[in-house]
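Note sheet for the following structure.
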Amino acid sequence: MDAILEEDMHHWYNKFMRESPSGLITLFELKSMLQMKGMTEEASGYVDQIFLTFDMDGDGYIDFVEYIAAVSLLLKGEINQKLKWYFKLFDQDGNGKIDKDEMETIFKAIQDITRSYEIPPEDIVTLVYEKIDVNGEGELTLEEFISGARLHSDIMDMLSQMMDLTHVLEKIVMGQKTKAIN
């Protein structure tokens, strides 16, 4: 992925336009790039949520600026930026809080996509809430989530590992290279 970062903006733009000549990526196109056939409903919902967080203006498309912002966040973003993005990804109903079901759904989806089932999602959620739900409400606010994750290195490491989307970027880039060859 370091080689991807070293490429200039013109090169990134050419890759983006080869993949999506209209200059916009739809949710359907993103799922096609990620080869989502046969994935569970949770995995599909996770990709929907990723798309919504990257579609910053809410127009139903990821344009080049949003694409570069997403790539930059995933590859070079600071911890607080990534934690805010994780929170937005987890907060599926947009109410400003993450409940246990929302978090468990995302972790299940991640495991379905990565095919890595080492730790049951409900165990991960229990651990997270035991350590960082300071009010014991069964919900996490953005502030609780960020401060709790930063305070507990094991939680931070787990989130960083599970939420690492470089495999998604690699699939997109490799998909673009495959199409360019054909």
Side-chain angles (χ1 to χ4, degrees), residues 1-2 4 27-28 30-56 62 69-175:
M1 292 310 292
D2 289 338
I4 292 172
L27 178 57
F28 177 78
L30 180 62
K31 286 183 176 183
S32 294
M33 286 180 221
L34 298 178
Q35 303 157 4
M36 292 294 296
K37 290 180 182 164
M39 288 288 176
T40 64
E41 190 175 319
E42 279 104 358
S44 182
Y46 174 61
V47 173
D48 293 352
Q49 193 69 12
I50 289 173
F51 184 88
L52 291 172
T53 62
F54 289 159
D55 179 16
M56 295 171 217
I62 296 175
V71 168
S72 179
L73 170 70
L74 295 174
L75 298 179
K76 300 190 299 184
E78 295 177 10
I79 296 298
N80 276 358
Q81 292 172 315
K82 286 185 178 185
L83 286 171
K84 286 179 184 175
W85 182 73
Y86 298 163
F87 183 88
K88 188 175 178 183
L89 196 60
F90 285 126
D91 183 17
Q92 295 174 311
D93 61 11
N95 70 350
K97 296 179 181 179
I98 306 169
D99 64 40
K100 291 179 180 182
D101 289 338
E102 287 174 316
M103 187 173 280
E104 190 174 320
T105 298
I106 294 296
F107 285 140
K108 281 180 182 175
I110 291 168
Q111 289 183 339
D112 287 341
I113 290 171
T114 62
R115 306 276 194 235
S116 173
Y117 301 97
E118 295 160 18
I119 305 170
E122 49 278 359
D123 292 354
I124 298 168
V125 172
T126 299
L127 175 71
V128 168
Y129 277 81
E130 282 175 358
K131 290 194 173 194
I132 67 177
D133 184 13
V134 293
N135 298 329
E137 301 169 319
E139 296 180 319
L140 300 173
T141 64
L142 177 62
E143 295 75 26
E144 279 179 305
F145 181 73
I146 289 175
S147 63
R150 292 187 66 103
L151 185 64
H152 299 282
S153 60
D154 57 337
I155 301 288
M156 190 68 212
D157 291 344
M158 181 197 57
L159 285 170
S160 296
Q161 184 180 12
M162 288 196 77
M163 303 301 290
D164 179 14
L165 294 179
T166 52
H167 64 283
V168 171
L169 292 176
E170 286 170 349
K171 277 189 177 183
I172 292 170
V173 170
M174 293 312 293

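The figures here come from the full heavy-atom set of this structure, side chains too, leaving out hydrogens, waters and symmetry mates. This is a predicted model, so every value here is computed, not measured.
Checked against K131 for a side-chain contact (heavy atoms from CB on, under 4.5 Å), the options V134, L127, D133 give a single hit: L127. If you run side-chain contact (heavy atoms from CB on, under 4.5 Å) between Y86 and each of L159, D91, I106, only L159 comes through.
The closest donor-acceptor contact from the side chain of E102 to the backbone of Q92 lies under 3.5 Å. Judged purely by atom type and a 3.5 angstrom limit, N135 has no side-chain atom pairing as donor or acceptor with the backbone of E137.
Legend: residues meeting side chain to side chain contact (heavy atoms under 4.5 Å, CB included) with K88, ordered by chain and number and at least two apart, are T53. For M156, the side chain to side chain contact (heavy atoms under 4.5 Å, CB included) test picks out I79, L83, A149, S160, with sequence neighbours left out.
Rounded to the nearest 0.5 angstrom, L142 CG and S147 OG are separated by 9.0 Å. With values rounded to the nearest 0.5 angstrom, K100 atom NZ is found 12.0 Å from E122 atom CD. Atom CD1 in I50 sits 13.5 Å away from atom CG in D55 (nearest 0.5 Å). The distance from atom NE2 of H152 to atom CG of D157, rounded to the nearest 0.5 Å, is 13.0 Å. Remark: I62 CD1 to L30 CG distance equals 5.5 Å, nearest 0.5 Å. Note that the CE atom of M103 and the OH atom of Y129 stand 4.5 Å from one another [nearest 0.5 Å].
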Verdict with reasoning, K108 to E104, per salt bridge (charged side-chain N to carboxylate O under 4.0 Å, His left out): CA-CA 6 Å; K108 281 180 182 175; E104 190 174 320; 3.3 Å; yes
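Counting non-hydrogen atoms of other residues, nucleotides and ligands closer than 6.0 Å to CD of Q81 gives a total above 12.
For the pair I146/K84, a side-chain contact is recorded, criterion being any heavy-atom separation below 4.5 Å from C-beta on. Within the 4.5 Å cutoff, the side chain of I132 has no heavy atoms near those of the E144 side chain.
Residues in residues 94-113 take part in these ring pair (Phe, Tyr, Trp, His ring centres under 6.0 Å) pairs, two or more places apart or across chains: F90-F107.
Across every non-hydrogen atom of F87 and L140, the tightest pair is CE1-O, 3.4 Å.
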